[in-house]
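Atoms considered below: every heavy atom in the structure, side chains included; atoms not considered: hydrogens, waters and symmetry mates. Residues: numbered from 1 along the sequence shown. Ligands are counted one by one from 1 in listed order, and the atoms in each one are counted from 1 as well.
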Amino acid sequence: MSAILQVELGKRSYPIHFGSHVAAILRRDIANLKAESRPVAVVTDENIKRCQGAYIAGLGPDLPTMTLPPGEKTKSFAHLEAICEFLAQTKLDRNSCLLAIGGGVVGDLTGYSAASFLRGIDYCQVPTTLLAMVDSSVGGKTGINLAAGKNLAGAFHQPRAVYVDTSLLATLPPREFAAGMAEVIKTALLADLSLFDQLQSSGQLNPASPQLPEIIRRCCEIKAAIVAEDEEERASQGGRALLNLGHTFAHAIEAVTAYGSYQHGEAVGLGLILAARLSQKLGHLEEKDFLAVKEAVGAYGLPVRLSSPLSALELCEAMKRDKKVRGGEVRFVILRSLGKAETANGIPEQLWRELWIEVGAENH
Ligand code: GLY
């Protein structure tokens with residue numbers, strides 16, 4: 001496996017590092033920054049600090065560290081403000097570099113803090129969850145949630161490098177590993193049928209599975225290629241929006257449950273089932289394809305129905321507030337076939353409402 005994958009974005013290009021020497025490369029890069037008198041600070045969360053405290057301490061002496069409460073609710077204006085105040089008190093200057101050591105919440109929030117502090121400083125991603133390794137640490141989407149919806153405030157701000165150290169997955173709770181698998185399944189479904197076949201035939205993967213590093217790399221490769229083509233999701237058809245397969249549904253579940261009941265990946269798993277069912281109803285997938293998606297998601301114990309009834313009306317209203325809405329219309333990502341996604345507009349609301357009811361929402 002090649003140790004570096006380049007995200008090709010002209011002047012903003014950066015490497016994703018893989019393999020067993022990633023920690024050594026990260027230590028070297030931190031030492032180099034400090035040798036150039038560039039201050040480095042760490043942002044992480046309490047769970048990572050508890051499980052990987054020695055890893056963080058081993059990255060270098062005297063790294064100022066901000067430790068956040070874990071969980072999606074941390075992706076808020078209050079914590080953005082707290083990080084920026086911390087950076088100011090630590091006297092970070094415009095040459096500084098932040099290290100986001102954590103999952104998607106830490107990565108998105110640290111990236112947005114880096115985009116905002118002093119009008120923009122550098123940051124690097126050190127993903128510690130499967131979800132962050134295969135999706136959120138790559139591509140420069142940063143941001144926070146609003147009460148009105150997920151990721152509704154943020155900025156595109158590419159990291160300077162991403163360090164994918166799969167040894168960090170050893171302490172990942174099984175529920176979080178499963179949530180990350182939803183993004184792996186998503187990536188396979190939207191772009192790579194052979195990866196989807198591999199996921200179906202390889203049984204249930206776990207952090208020690210020998211195939212996992214290559215699968216993570218493949219997901220990063222797919223994402224890097226899509227981001228290189230459409231960095232800021234502006235393509236009128238397809239493009240980066242395809243990475244949102246299942247997410248219009250998932251973000252609605254997260255918003256309606258106030259980011260408290262479902263992990264992001266759990267909502268994405270159910271979102272994939274809904275996107276596959278929608279694709280079937282539109283005549284693109286056969287029943288067996290829909291069932292294959294449901295089985296792939298269910299194999300990791302991810303929800304295949306809503307765990308408690310939610311209002312179909314509220315879920316539909318939340319979908320209309322999604323940032324993928326264009327010209328007042330909800331834009332969906334559907335499957336033309338397994339391994340091939342496309343964007344679709346003009347899908348009648350009655351159809352999404354029926355989908356919600358099929359997975360346990362109440363018809364009000
Ligand atoms: N997670 C979707 C994207 O980065 O575009």
For the pair F332 and F249, name the ring-plane relationship: parallel under 30°, tilted 30 to 60°, perpendicular over 60°.
tilted
Is there a donor in the side chain of Q237 and an acceptor in the side chain of E342, or the other way round, less than 3.5 Å apart?
no
For N363 and R353, does a side-chain donor sit closer than 3.5 Å to a side-chain acceptor?
yes
Is the ring pair H157/Y123 parallel, tilted or perpendicular, if the boundaries are 30 and 60 degrees?
parallel
Where is the nearest protein heavy atom to atom 1 (N) of ligand 1: which residue, which atom, and how far?
D135 OD2, 3.0 Å
With respect to atom 2 (C) of ligand 1, which of L242, L245, L243, L131 exhibits the smallest heavy-atom separation?
L243
Please verify whether a non-hydrogen atom of H247 lies at under 4.0 Å from ligand 1.
no
Side chain, backbone, both or neither: which part of V227 comes within less than 4.0 Å of ligand 1 when only heavy atoms are counted?
neither
For atom 5 (O) of ligand 1, the closest protein heavy atom turns out to be R240 NE, 2.7 Å
For K141, atoms of ligand 1 separated by under 4.0 Å from a heavy atom
2 (C), 3 (C), 4 (O), 5 (O)
Under 3.5 Å, which donor-acceptor pairs link side chains of residues 101-112 to any protein atom two or more places apart or in another chain?
| unit_1 | atom_1 | unit_2 | atom_2 | d |
| --- | --- | --- | --- | --- |
| D108 | OD2 | K75 | NZ | 2.8 |
| T110 | OG1 | V106 | O | 2.6 |

Side-chain contact test, heavy atoms from C-beta onward, threshold under 4.5 Å: evaluate it for L92 versus L98 and give yes or no.
yes
Can you report which non-hydrogen protein atom sits closest to atom 4 (O) of ligand 1, along with the distance?
K223 NZ, 2.6 Å
